Amino acid sequence: MTAVRKMGVLCLSAFMLLAAGAARAETQPVLVISEGTSGGLDHAQVIAKYQDVANVIGQALRTKVSVVFAREFATLENGMKAGKFDFVMARPSDYPARGMRDSGYQYVANAKPAGQCLIIVPKDSPLKKLEEARGKRLVMPEQVSYMSRFCRAELRDQGINLASENVKYVREQAAVTFFLANKFSDVGAIASYSGPAKKLDQEGFRILHSSVQKPYFPLVAHSRFDPAQIKAIQRELEGLSAKPEGAEILKRVGITGFETGNEAAMKDLLAWLEK
């Protein structure tokens with residue numbers, strides 16, 4: 001993307017977020033979407049991808065719900081802190097979790113399947129158990145990233161302290177498999193929903209260990225929505241996979257469905273990561 005085009009996209013996003021605030025003032029809700037660092041979409045593409053999900057929410061509320069794209073994490077977090085957004089569907093999951101903990105947002109749903117940290121090795125690796133990874137060369141996503149923190153927490157719970165291990169941190173998850181394929185590292189960690197995770201077998205890798213499951217791509221709502229409204233939205237989202245048009249909507253978003261029973265897990269997520 002050229003500097004001029006990037007500036008144009010950022011300006012458009014800023015304009016749409018300001019428009020979202022105006023829309024909220026006029027009681028038309030907005031659904032703010034963040035795909036984290038993995039998405040390469042512009043605002044128009046995000047609207048095309050998620051408007052049907054917004055329509056499902058709107059059907060439950062009997063109103064129009066618009067889609068707004070939050071490309072920058074700072075925009076997402078500051079908007080929730082200020083209570084500007086009606087609904088937020090975002091990954092990584094720690095952003096909606098902070099919205100719940102710090103800004104009064106309430107859990108609505110999360111996407112299926114759940115998120116996991118996958119500890120992977122080349123197919124020809126002699127390692128058979130996670131405990132055998134101690135003392136090996138590990139490669140993980142960048143240290144400040146959600147998935148690196150996720151994997152660190154899982155390994156901690158499994159008795160492996162990364163502070164005592166030989167760990168290389170890389171910017172992209174695709175670099176994890178690159179390091180393994182080229183024998184720069186022995187063991188890698190990636191997200192179950194990442195691009196590399198979808199191609200493990202054909203690219204010569206296997207899973208050494210799968211972590212506990214945590215909510216993926218959560219949807220949270222501003223506190224102004226009452227319990228009856230939240231329940232109505234949840235019913236519509238849960239039933240989406242059973243509707244004739246639902247499969248296409250879910251496929252477009254890249255998930256298999258919505259579940260609504262993980263409020264406790266969302267509330268516990270940050271404490272688990274930060275333990």
Side-chain angles (χ1 to χ4, degrees), residues 9-10 13-14 16-17 20-21 24 29-43 45-54 56-57 65-116 141-142 144-150 173 191-195 213-223 225 230 233-234 237 249-250 252-260 262-263 265-270 272-273:
V9 169
L10 291 174
S13 295
M16 293 302 293
L17 287 166
R24 188 177 185 279
V30 294
L31 168 63
V32 175
I33 298 291
S34 172
E35 290 196 341
T37 58
S38 62
L41 304 181
D42 61 28
H43 195 274
Q45 290 170 315
V46 168
I47 292 175
K49 186 174 180 180
Y50 290 96
Q51 185 59 56
D52 284 331
V53 174
V56 172
I57 297 172
V65 177
S66 302
V67 174
V68 172
F69 182 30
R71 180 181 294 275
E72 305 297 326
F73 285 143
T75 300
L76 177 67
E77 194 145 38
N78 291 337
M80 285 192 290
K81 285 179 180 178
K84 292 180 179 178
F85 304 147
D86 298 287
F87 298 96
V88 173
M89 185 174 176
R91 58 176 190 250
S93 300
D94 55 338
Y95 283 90
R98 277 193 293 278
M100 291 173 61
R101 184 189 68 184
D102 302 336
S103 304
Y105 279 76
Q106 54 189 317
Y107 171 82
V108 180
N110 56 273
K112 296 193 291 189
Q116 291 178 282
E142 57 184 333
V144 298
S145 70
Y146 169 72
M147 188 46 55
S148 185
R149 294 164 61 215
F150 188 140
Q173 293 195 52
S192 59
Y193 45 83
S194 65
Q213 297 185 347
K214 296 295 180 181
Y216 168 63
F217 216 171
L219 170 66
V220 296
H222 193 276
S223 58
F225 295 98
I230 298 300
I233 296 167
Q234 289 176 328
L237 292 173
I249 293 172
L250 295 169
R252 189 179 308 122
V253 176
I255 63 178
T256 61
F258 286 94
E259 57 183 325
T260 60
N262 282 321
E263 182 174 2
M266 279 295 293
K267 288 180 176 178
D268 292 342
L269 179 60
L270 298 177
W272 180 71
L273 290 173

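All of these numbers come straight from a predicted model, not from anything done at the bench.
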- What's the spacing between Leu273 CG and Phe150 CZ if we round to 0.5 Å? 8.0 Å
- State the CG-CE distance between Leu270 and Met100, to the nearest 0.5 angstrom. 9.0 Å
- Can you check side chain to side chain contact (heavy atoms under 4.5 Å, CB included) on Val46 and Lys49, steps first, answer last? CA-CA 5 Å; Val46 168; Lys49 186 174 180 180; 5.6 Å; no
- Query: For the residue pair Ala54 and Val67, what are the closest heavy atoms and their distance?
  - Reply: CB-CG2, 3.6 Å
- Does Val30 offer a backbone N or O that forms a donor-acceptor pair with the side chain of Asp86 under 3.5 Å? yes
- Message: Please check this pair: side chain of Ser145 against backbone of Glu142, looking for a donor-acceptor N/O pair closer than 3.5 Å.
- Response: yes
- Query: Roughly how far, to the nearest 0.5 Å, is the CG atom of Leu219 from the CD atom of Gln106?
  - Reply: 10.0 Å
- Message: Just verifying a value: how many Å separate Phe85 CZ and Ser103 OG, rounded to the nearest 0.5 Å?
- Response: 10.5 Å
- Task: Identify, with sequence neighbours excluded, every residue that meets side-chain contact (heavy atoms from CB on, under 4.5 Å) alongside Ser223.
- Result: none
- Heavy atoms of Tyr216 and Asn110 approach each other most closely as O-CB, 3.4 Å
- Smallest separation among heavy atoms of Ala109 and Phe258, with atom names: CB-CD2, 4.2 Å
- Message: Under 4.0 Å between a side-chain nitrogen and a carboxylate oxygen: does that hold for Glu77 and Lys81?
- Response: no
- Item | Heavy-atom donor-acceptor pair, Ser34 side chain to Ala90 backbone, under 3.5 Å | no
- Message: Hydrogens and angles aside, do Tyr50 and Glu35 bring a side-chain donor and acceptor to less than 3.5 Å of each other?
- Response: yes
- In Å, rounded to the nearest 0.5 Å, how long is the span from CG of Asp94 to CE of Met266? 9.0 Å
- Query: Any donor and acceptor pair, going by atom type alone, linking the side chain of Asp42 with main-chain N or O of Gln45 inside 3.5 Å?
  - Reply: yes
- Which heavy-atom pair separates Phe217 from Arg91 by the least distance, and what is that distance? CE1-NH1, 3.2 Å
- Give a yes or no on whether the backbone of Ala114 and the side-chain of Glu259 come within a donor-acceptor separation of less than 3.5 Å. no
- List for me each residue that meets side-chain hydrogen bond (donor to acceptor under 3.5 Å, both in side chains) alongside Tyr105, sequence neighbours excluded, and say none if there are none. none
- Query: Considering only heavy atoms from C-beta outward, does the side chain of Lys112 approach that of Ile255 to under 4.5 Å?
  - Reply: no
- For the side chain of Gln51 and the backbone of Ala48, is there at least one donor-acceptor N/O pair under 3.5 Å apart? no
- Query: Can you tell me if Tyr146 uses its side chain to pair, donor with acceptor, with the backbone of Ser93 under 3.5 Å?
  - Reply: no
- Item | Rounded distance [0.5 Å steps], CG in Asn78 versus CD in Glu72 | 11.5 Å
- Task: Determine yes or no for a side-chain-to-main-chain donor-acceptor pair under 3.5 angstrom, with Gln173 supplying the side chain and Ala191 the backbone.
- Result: yes
- Item | Candidates Thr260, Ile57, Ile233 - the one meeting side chain to side chain contact (heavy atoms under 4.5 Å, CB included) with Val108 | Ile233
- Message: side chain to side chain contact (heavy atoms under 4.5 Å, CB included), that's the test. Do Phe69 and Ile47 meet it? Break it down for me.
- Response: CA-CA 8 Å; Phe69 182 30; Ile47 292 175; over 6 Å; no
- Message: Go through it in stages, so that I can follow the logic: the residues are Arg98 and Met80, the test is side chain to side chain contact (heavy atoms under 4.5 Å, CB included), and I'd like the CA-CA distance, side-chain angles, deciding distance and then a yes or no.
- Response: CA-CA 9 Å; Arg98 277 193 293 278; Met80 285 192 290; 5.9 Å; no
- Message: Using side chain to side chain contact (heavy atoms under 4.5 Å, CB included), reason through Thr256 and Leu250 one step at a time and then give a plain yes or no.
- Response: CA-CA 6 Å; Thr256 61; Leu250 295 169; over 6 Å; no
- Residues in ring-ring contact (aromatic ring centres under 6.0 Å, His included) contact with Phe87, at least two apart in sequence or another chain: Phe225
